[in-house]
Colleague: 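Below: one structure in structure tokens.
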Amino acid sequence: MAGGSNWSYTTGSVIQLWGYWSASADTANNRSWFTFKLRLYRTGTYSTYTTNNNGKIRAKFSGATQNEQTGMEFYVANDSNGKDGYIKTDGGMYEFGFWVGHNEDGTKQIDLSMEFEPCETTGSYIINGQTYTVPFGTVSFDTIPRGSVLGAVSAFNWEDSFSVPVTKYSSSFTDNLTIGIGGTSIKSISGYTSGAAISLSDAELLAAYNALGTGMNATASFSLQTYSGATQIGTSNASATGTAAGTAYLNAGGSWKRTVPHLNAGGTWKKCIAYTNIGGVWKRCVG
């Protein structure tokens, strides 16, 4: 919930303390601006007294003080309306706020309480050392949608179709996937969805072959960037072994095996792509 649905209060021998909380999400930074308000009333007709600018108010999460403000002056005048206790600085209301970080998945739940400590009072009714607490119990902030997360990527062949699993936390966000070998970018996909088939073009496959060098396999990097409009929300990374399985077949000892054809270019043998002509149309043999 974005804020407390009702004011909560506690009543002491002199003061009735009311508290209210609310929270406003900062999606990009996975945090909320937490605000709470305090209003104080006297509970009877007491003589004038004041906290002499030494009052303290604080917010506590699970009993631990998260933020404390000091120097408030709480004032009670001796008249008959029965509700004229107030914090002088704000006409009966005091409000302050601070940032609260959320969990990695965007959730946040706390056991909330608020306190007022009217220390160093003067007047006919001295309440030094008393603390008034408004317990709210367990409250839940609105969940902030977070960046999508890559799952475990299985080993794959560069020539074949493959896919990667993605856990998505917000359907309104866009996921862009980049696949690379070392520092070389092989393929980029905008708006990738979990499990969607990925196939390399000829140019991309040759870029992968070149990045492999003389080897036949290497660790492929997968980087998923999640965006809300132009704002990047998060990045998730994964890796898997990508193998050059080949686009041709060779009969070795009576057994057909998949191989990578090579071309001698300027004295250097390089991996290449095998094509066959079917009905006048050239097609890549595998992939």
Side-chain angles (χ1 to χ4, degrees), residues 146-252 255-287:
R146 302 314 305 142
S148 301
V149 177
L150 285 170
V153 181
S154 299
F156 64 97
N157 297 326
W158 288 105
E159 300 84 356
D160 301 335
S161 176
F162 57 95
S163 64
V164 298
V166 176
T167 299
K168 196 174 183 69
Y169 291 106
S170 175
S171 60
S172 65
F173 291 167
T174 300
D175 295 322
N176 298 333
L177 179 66
T178 300
I179 306 168
I181 301 174
T184 301
S185 177
I186 304 300
K187 188 178 185 68
S188 296
I189 304 172
S190 297
Y192 184 76
T193 57
S194 181
I198 301 169
S199 297
L200 301 191
S201 67
D202 285 356
E204 292 164 343
L205 181 55
L206 290 175
Y209 283 171
N210 288 332
L212 287 170
T214 59
M216 300 302 289
N217 56 62
T219 298
S221 62
F222 296 82
S223 179
L224 189 76
Q225 297 87 38
T226 301
Y227 285 87
S228 175
T231 301
Q232 185 169 338
I233 299 300
T235 299
S236 178
N237 298 303
S239 62
T241 298
T243 299
T247 56
Y249 280 88
L250 174 70
N251 191 312
S255 175
W256 288 95
K257 295 184 178 181
R258 191 168 171 178
T259 61
V260 180
H262 282 67
L263 174 69
N264 191 312
T268 301
W269 287 96
K270 293 186 176 182
K271 300 179 182 69
C272 60
I273 302 171
Y275 270 75
T276 186
N277 192 308
I278 301 176
V281 178
W282 286 94
K283 295 184 178 181
R284 190 197 294 181
C285 294
V286 179

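Computed from heavy atoms alone, side chains included, the values below leave out hydrogens, waters and symmetry copies. Please read these numbers as outputs of a predicted model, since none were measured by experiment.
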Colleague: Could you tell me whether a side-chain N or O of E159 sits under 3.5 Å from a main-chain N or O of A245, the two making a donor and an acceptor?
Modeller: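 Looks like yes, one N/O pair under 3.5 Å.
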Colleague: Applying side chain to side chain contact (heavy atoms under 4.5 Å, CB included), run through T193 and D175 and close with a yes or a no.
Modeller: CA-CA 7 Å; T193 57; D175 295 322; over 6 Å; no
Colleague: Determine which pairs satisfy salt bridge (charged side-chain N to carboxylate O under 4.0 Å, His left out) with at least one residue from residues 219-228, sequence neighbours left out, and list them in order.
Modeller: none
Colleague: Any non-hydrogen side-chain atom of E204 less than 4.5 Å from a side-chain atom of I179?
Modeller: no
Colleague: Please name all residues satisfying ring-ring contact (aromatic ring centres under 6.0 Å, His included) with Y169, sequence neighbours left out, ordered by chain then number.
Modeller: none
Colleague: Do S163 and Y192 touch side chain to side chain, with heavy atoms closer than 4.5 Å?
Modeller: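 The answer is yes; the side chains approach within 4.5 Å.
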Colleague: Evaluate the side-chain proximity of V164 to L224: yes if any heavy-atom separation is below 4.5 Å, no if none is.
Modeller: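 SC-SC contact between L224 and V164 ruled out.
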Colleague: Report yes or no: does S194 contribute a side-chain atom to a donor-acceptor pair with the main-chain N or O of V166 at less than 3.5 Å?
Modeller: yes
Colleague: Measuring from atom OG1 of T259 to atom CG of L250, what distance do you get when rounded to the nearest 0.5 angstrom?
Modeller: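 Reported to 0.5 Å precision, the distance equals 5.5 Å.
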Colleague: Output yes when a side-chain donor or acceptor of S239 lies under 3.5 Å from a complementary backbone atom of T219, and no otherwise.
Modeller: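 Between the backbone of T219 and the side chain of S239 there is no qualifying donor-acceptor contact (under 3.5 Å).
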Colleague: Could you measure the distance from the NZ atom of K271 to the OG1 atom of T214? Nearest 0.5 Å is fine.
Modeller: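 The OG1 atom of T214 is 6.5 Å from NZ of K271, to the nearest 0.5 Å.
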Colleague: Write down the atom of K283, the atom of Y275, and the distance for their closest heavy-atom approach.
Modeller: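 That closest heavy-atom pairing would be C-CD2, 3.1 Å.
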Colleague: Please name the pair of heavy atoms, one in I181 and one in A208, separated by the smallest distance, quoted to 0.1 Å.
Modeller: CD1-O, 3.8 Å
Colleague: Give the minimum heavy-atom separation between A197 and S161, together with the two atoms involved.
Modeller: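 Between these two residues, the closest heavy atoms are CB-OG, 3.4 Å.
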Colleague: Mark yes or no for whether K168, through its side chain, and F173, through its backbone, hold a donor-acceptor pair below 3.5 Å.
Modeller: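 Yes; at least one donor-acceptor contact below 3.5 Å.
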Colleague: Hey, does Q225 have a side-chain heavy atom less than 4.5 Å from the side chain of T235?
Modeller: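 They are in side-chain contact.
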Colleague: Measure the shortest side-chain to side-chain distance between I233 and R146 over non-hydrogen atoms and say whether it is less than 4.5 angstrom.
Modeller: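 Result yes, sub-4.5 Å side-chain heavy-atom pair found.
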Colleague: So which atom in L212 and which in A244 form the shortest heavy-atom distance, rounded to 0.1 Å?
Modeller: CD1-CB, 3.7 Å
Colleague: Calculate, to the nearest 0.5 Å, the distance between atoms NE2 and OG1 belonging to H262 and T268 respectively.
Modeller: 11.5 Å
Colleague: Less than 4.5 Å apart, side chain to side chain, heavy atoms only: is that true for N237 and S221?
Modeller: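 Counting from C-beta outward, N237 and S221 never come under 4.5 Å.
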Colleague: R284 and L205: which non-hydrogen atoms are nearest, and at how many Å?
Modeller: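 Minimum heavy-atom contact is NH1-CD2, 3.7 Å.
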Colleague: Can you measure from CG (N251) to NZ (K257) and round to the nearest 0.5 angstrom?
Modeller: 10.0 Å
Colleague: Distance check, rounded to the nearest 0.5 Å: I198 atom CD1 versus I186 atom CD1?
Modeller: 13.0 Å
Colleague: Any sub-3.5 Å donor-acceptor pair from K187's side-chain atoms to S199's backbone N or O?
Modeller: yes
Colleague: Using the test ring-ring contact (aromatic ring centres under 6.0 Å, His included), find all partners of F222 that sit at least two apart in sequence or belong to another chain.
Modeller: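 Here the qualifying residues are F156.
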Colleague: Say you draw a straight line from CG of N176 to OG of S223; how long is it, rounded to the nearest 0.5 Å?
Modeller: 10.0 Å
Colleague: Can you see which heavy atom on C285 is nearest to which on T276, and at what distance?
Modeller: SG-N, 3.9 Å
